[in-house]
Amino acid sequence: MGGSKLLAGAVDSTLSVHRRTQRTLTGLDQPALLDLAVDAVEEVRGFAGGEVAAVGFGIPSLIDRRTGIAVVAINLALADIAFGEVMTERLGLPVFVDNDANMAALAEHRAGAARGCSEVVLLTIGTGIGGGLILRDELYHGAIGSAAELGHMVIDENGPPCQGNCPNHGCIEAMASGTALAREATRIAGERPRSGLGHALADGQPLVGPLVTELAHDGDAAAIEAIELIGSRLGVAITSFVNIFNPQVVVIGGGVMAAGELLLEPIRSVVATRALPPSRDEVRIVMAEFGVEAGMIGAAALAFDGLGVRAGRPQ
């Protein structure tokens, strides 16, 4: 589950995906969200036949690992629920649950862009911004399980209110998520009505991330400006992560990464200018290899781990 979509798949022990289905989560209350999750799993389970051994979930929620309670989600109606227990009862299979961005980090570490690295920072840029950390070759959960909410580091104490259930201001989620990209693109379109963004706005098109990215790839200067602004803000945040964690690699995934180098170039430029040596000189900043499927694949790896099977790609 992400901030607005659910992706489900049948995944084998090499982390290859055989069947997929997708659902939209926007506007659902908690009972409807749980029903939709069950429906998606059952659809994929039907494709896979009787071979399904367990289900892994990555959910965009702070999780108290002492109790298994999903405490609160920022962008979904998911709160104060023993999610794993509920899903185990409803699906009749072993269920393993962790944060969605943690699962993306696990996938990229196990078989993707961070394979072979012991120190990894991962960001997923979509409706919100999720974070995951691999420290000393292990997924880092913090004291009770709610660590690595990197999207809620403040980069402007007087910035806009963060979205959803976050009480803060100026978080990078508020400043540099897909939601923020849409907001900044709309502002720039109003200021530059003759641009591609301006024409799209005048035509009544919502300036969501995919459209802004398409226009930027087509060379629209206003759309490029919007993406570069988001990239520079991400660069400020990533500078701090580089200084704090000294990672070998920063992996960036999520839907906004369809912008590719248009987003990565300003990120790398800001980090090169602002971060401290020697960390800045050694870190790589790369796209997630598994793209928007990273969380789903990581959730499968979590389930295999729960069954005592080390899932991953063959050497």
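We use all heavy atoms of the structure for the numbers below, so side chains are in, but hydrogens, waters and symmetry mates are not.
Using a distance-only test at 3.5 Å, with no hydrogens or angles considered, a donor-acceptor pair links the side chain of T67 to the main chain of I69. Judged by distance alone, the side chain of H169 and the main-chain N or O of N158 form no donor-acceptor pair under 3.5 Å. Looking at E119, its side chain does come within 3.5 Å of a backbone N or O of R136 through a donor-acceptor pair. Between the side chain of Q163 and the backbone N or O of T127, at least one donor-acceptor pair lies under 3.5 Å. Between the side chain of S61 and the backbone N or O of V72 there is at least one donor-acceptor pair closer than 3.5 Å. Although no hydrogens or angles enter the test, the distance criterion places no donor-acceptor pair under 3.5 Å between the side chain of D218 and the main chain of D220. Under the 3.5 Å distance criterion, the side-chain polar atoms of N99 are matched with a main-chain donor or acceptor of A101. Judged by distance alone, with hydrogens and angles left aside, the side-chain atoms of D12 form a donor-acceptor pair with the main-chain N or O of S16 at under 3.5 Å. Formation of a donor-acceptor pair under 3.5 Å by the E108 side chain with backbone atoms of F290 is found in this model. The backbone N or O of G130 lies less than 3.5 Å from a partner atom in the side chain of T124, making a donor-acceptor pair.
Using a 4.5 Å cut-off on side-chain heavy atoms (C-beta onward), F241 and V250 make no contact. Using a 4.5 Å cut-off on side-chain heavy atoms (C-beta onward), V270 and S232 make contact. Between R110 and D305, the closest side-chain pair of non-hydrogen atoms falls below 4.5 Å. Between D39 and R23 the shortest side-chain heavy-atom distance falls below 4.5 Å. Contact check for I238 versus I267: side-chain heavy atoms found under the 4.5 Å cut-off. The closest side-chain heavy-atom distance from V283 to Q248 is not below 4.5 Å. Counting heavy atoms from C-beta outward, I74 and C166 have side chains that approach closer than 4.5 Å. A heavy-atom distance below 4.5 Å is found between the side chains of V52 and L93.
Minimum interatomic distance between G2 and L76 (heavy atoms only, all atoms of both residues): O-CD1, 3.4 Å. For A114 against V251, the heavy-atom pair with the smallest separation is CB-CG2, 4.1 Å. V309 and S13 make their closest contact through CG1-CB, 4.4 Å (heavy atoms, listed as atom of the first residue, atom of the second, distance). Contact between A79 and Q30 at its shortest, heavy atoms only, is N-OE1, 2.8 Å.
For the residue pair R19 / T21, no side-chain donor-acceptor distance below 3.5 Å is found, with atom types taken as modelled. H141 and R65 share a donor-acceptor pair across their side chains, judged by distance under 3.5 Å alone.
For CD of E85, the number of neighbouring non-hydrogen atoms (other residues, nucleotides, ligands) closer than 6.0 Å is 12 at most. More than 12 heavy atoms of other residues, nucleotides or ligands sit less than 6.0 Å from atom CZ of R20.
With I125 as reference, L234 is the one residue of L181, L234, I230 to meet the side-chain contact (heavy atoms from CB on, under 4.5 Å) rule.
To the nearest 0.5 Å, the span separating CG on L197 from CG on L201 amounts to 8.5 Å. In this structure, CG on L15 lies 11.5 Å from CD on E293, to the nearest 0.5 angstrom. Once rounded to the nearest 0.5 Å, the distance linking CD1 of I63 with CD1 of I81 reads 11.5 Å. Of the inter-residue distances, the one linking R90 atom CZ with L34 atom CG reads 6.0 Å to the nearest 0.5 angstrom.
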task = Start with the C-alpha distance between L33 and M1, add both sets of side-chain angles, then the distance that settles side-chain contact (heavy atoms from CB on, under 4.5 Å), and finish with yes or no.
result = CA-CA 10 Å; L33 190 150; M1 291 185 186; 3.4 Å; yes
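Within the structure, every pair that satisfies the ring pair (Phe, Tyr, Trp, His ring centres under 6.0 Å) test and touches residues 27-81, not counting sequence neighbours, is listed here: F57-F83.
Taking E191 as the reference, R187 meet the side-chain contact (heavy atoms from CB on, under 4.5 Å) condition, with sequence neighbours excluded. The side-chain contact (heavy atoms from CB on, under 4.5 Å) test applied to A299 returns M103, not counting sequence neighbours.
Taking 4.0 Å as the cut-off between side-chain N and carboxylate O, R233 and D156 do not count as a salt-bridged pair. For the pair R268 and E261, the salt-bridge criterion is met [side-chain N within less than 4.0 Å of a carboxylate O].
Cluster membership check: L91 does not share its hydrophobic cluster with F304, using side-chain heavy-atom separations under 4.5 Å among Ile, Leu, Val, Met, Phe, Trp and Tyr.
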